Amino acid sequence: MDISGKVAVVTGAGQGLGLAYAKALARAGAAVVVNDVNDETAGKAVAEITAAGGRAVAEVVPVGTTSAAEQLVHRALDSYGRLDVMVTNAGVLRDRVLWNMTDDDFDTVVQVHLRGTFTCVREAARHFRAQGEGGRVILAGSPAGQRGNFGQTNYAAAKAGIVAMARTWSMELAKAGVTVNAVIPNAATAMTETIPFLAPYVERMAQGLPVPSVVRRAASFGTPEDVAGLVVYLASDASAGITGQAIGIGGDRLSLWSHPTEIRSAFLDGGWSADAIAEAFSSSVGEQLETYGIPVPALPEPQPQEA
Ligand SMILES: NC(=O)c1ccc[n+]([C@@H]2O[C@H](COP(=O)([O-])OP(=O)(O)OC[C@H]3O[C@@H](n4cnc5c(N)ncnc54)[C@H](O)[C@@H]3O)[C@@H](O)[C@H]2O)c1
C-alpha cells in the first residue's frame with residue numbers, strides 16, 4: 001500500500017494503537033503529525049518514525065477543544081503544506097459503575113473522545129472542503145459503544161456517539177469526496193491490559209510470545225500492529241467509496257458491524273395504547289429480545305509451552 005504524498009494527523013499517537021497507526025501510515029509513505037498529551041511519548045514516536053526513514057512531527061496538546069483541533073490542522077499545513085487524513089484516536093478511561101460515576105468522570109471521557117473527535121473532524125472538514133481534493137476521516141469506536149459495557153457509562157456513550165457521527169458525517173461530507181469510517185479495534189494496550197480475561201494474553205504479548213490462534217479469532221485480540229493495516233487502507237485511495245461504516249479489527253479478524261435498524265414491526269389501526277402493547281408485545285416485536293453487553297468468548301488457559 002503506497003500513500004506517498006498524503007499528510008495525516010493521528011491523535012493520541014504516543015503509544016498503543018495511535019503509535020501503531022502513525023508508524024504504519026509513515027511506513028506507507030504518509031507524513032504524520034503525531035499528537036499526544038505526553039510530550040515524551042510523542043517525541044519518541046517521531047524519533048522512531050524518522051529513524052526508520054519516515055516523516056513525522058510532534059504536536060503536543062490535549063484534544064477536546066477547538067483551539068487544539070486548529071493547532072493540529074495548522075501544524076499539518078505548516079509542516080507539510082496539506083492535510084489528507086484525520087485519525088481521531090486519543091482516548092482515556094474513567095470506569096465506574098453508574099451510581100459511583102462522578103460528573104468529572106463523565107465529562108472527562110466525553111471531552112476527550114466525543115468532543116475531541118467532533119472538534120478535530122470539524123476543523124479537518126473545513127480544510128478538506130477548502131482544499132477541494134477529498135479526504136479521509138478515521139474515527140475510533142469500541143465494542144463498548146456498539147454493545148454497552150459494565151462500568152463504562154461515559155465511554156460507551158462517547159463511543160456510540162462517535163459511530164453516530166461517522167454515519168452523519170459520511171452524508172454531510174460525501175459531496176466533498178471525504179470518506180468517514182469508524183474503526184472498532186481490539187488490541188493489547190495500556191487500555192486493555194487490566195481486562196481480566198485478556199490479562200494472561202497481554203502478559204504473553206509483553207514477553208514477545210504469540211497468542212493462540214483461537215484468541216486472535218474468537219476474541220479478535222492481538223497487537224496494535226494487527227489493527228494498523230485497516231487504518232492505512234482507510235487512509236488510501238483504495239478505500240474510495242467506503243464510507244459511513246463501523247469496521248471491526250483485531251488479531252486475525254476483520255469484521256463489519258451492522259448499523260441499528262428496526263428488525264421487527266407490528267401495526268394496529270388507530271395506534272398503540274399501553275394496554276394494547278402489554279397484550280401484544282411478547283408475541284410480536286418483543287418475541288425475541290435483543291442481547292446487550294460484549295460477549296466474552298470461552299478461551300483456553302494459556303499453556304507455558306505454547307509457542
Ligand atoms: N485497545 C483496545 O482494544 C481498544 C478497544 C476499543 C477502542 N479503543 C480505542 O482506541 C483508541 C486508542 O486506545 P489505546 O488502547 O491505544 O489506549 P492507550 O491508553 O494505550 O493510548 C491512548 C493515547 O491517547 C493519549 N491521550 C489521552 N488523552 C489525550 C488527549 N486529550 N489528547 C491527546 N492525546 C490523548 C494518551 O496519552 C495515550 O498516548 C482509544 O480511542 C480507545 O478508546 C481501544
Side-chain angles (χ1 to χ4, degrees), residues 9-24 33-46 58-69 71-72 75 86-95 107-120 138-149 152 154-163 165-166 182-195 197-199 201-202 205-206 211 215-216 219-228 230-231 246-251 253 255 257 294:
V9 169
V10 183
T11 70
Q15 65 173 47
L17 285 165
L19 175 61
Y21 300 163
K23 283 180 166 176
V33 176
V34 170
N35 159 255
D36 209 282
V37 276
N38 184 326
D39 56 353
E40 223 171 273
T41 57
K44 196 162 166 263
V46 168
E59 190 65 31
V60 177
V61 64
V63 299
T65 63
T66 297
S67 63
Q71 211 173 306
L72 293 179
R75 187 63 199 268
M86 172 59 77
V87 185
T88 55
N89 162 82
V92 289
L93 291 180
R94 294 286 186 276
D95 292 359
D107 292 346
T108 299
V109 167
V110 167
Q111 173 79 7
V112 177
H113 290 271
L114 198 62
R115 187 169 269 276
T117 300
F118 159 62
T119 49
C120 287
I138 303 165
L139 312 181
S142 165
Q146 305 295 97
R147 300 280 308 170
N149 199 21
Q152 293 199 309
N154 45 8
Y155 183 74
K159 290 305 198 187
I162 285 169
V163 176
M165 294 197 294
V183 171
I184 314 295
N186 229 338
T189 67
M191 203 177 262
T192 46
E193 68 189 4
T194 53
I195 298 174
F197 87 99
L198 294 174
Y201 302 105
V202 173
M205 277 187 249
V211 299
V215 176
R216 292 178 56 82
S220 184
F221 194 68
T223 64
E225 290 69 33
D226 291 321
V227 177
L230 176 60
V231 171
I247 305 173
I249 187 160
R253 184 154 153 182
S255 58
W257 282 86
I294 303 168

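In this chain, residues are counted from 1 in sequence order. On a predicted model such as this, the values are computed, not experimentally measured, just so you know. Counting starts at 1 for both ligands and their atoms, following the listed order.
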Subject >> Minimum heavy-atom distance between V34 and A45, given as atom pair plus value >> reply: CG1-CB, 4.0 Å
Original post:
What pairs with E40 under side-chain contact (heavy atoms from CB on, under 4.5 Å), at least two apart in sequence or on another chain?
Top reply: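 Here the qualifying residues are N38.
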Subject >> Residue contacts for ligand 1, heavy atom to ligand atom, distance under 4.0 Å >> reply: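 Protein residues near ligand 1 are G12, Q15, G16, L17, N35, D36, V37, V61, P62, V63, N89, A90, G91, V92, V112, H113, A140, G141, S142, P143, Y155, K159, P185, N186, A187, T189, A190, M191, T192.
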Subject >> Euclidean distance, R147 CZ relative to S142 OG, rounded to 0.5 Å >> reply: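 Taking OG in S142 and CZ in R147, the distance rounds to 12.5 Å.
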Subject >> Any residue meeting side-chain hydrogen bond (donor to acceptor under 3.5 Å, both in side chains) with Q71, in chain and number order, not counting sequence neighbours >> reply: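 Partners of Q71 under the side-chain hydrogen bond (donor to acceptor under 3.5 Å, both in side chains) test: E59.
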Subject >> K23: salt bridge (charged side-chain N to carboxylate O under 4.0 Å, His left out) partners, not counting sequence neighbours >> reply: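 Checked K23 against salt bridge (charged side-chain N to carboxylate O under 4.0 Å, His left out); matches are E48.
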Subject >> More than 12 heavy atoms of other groups within 6.0 Å of R216 CZ >> reply: yes
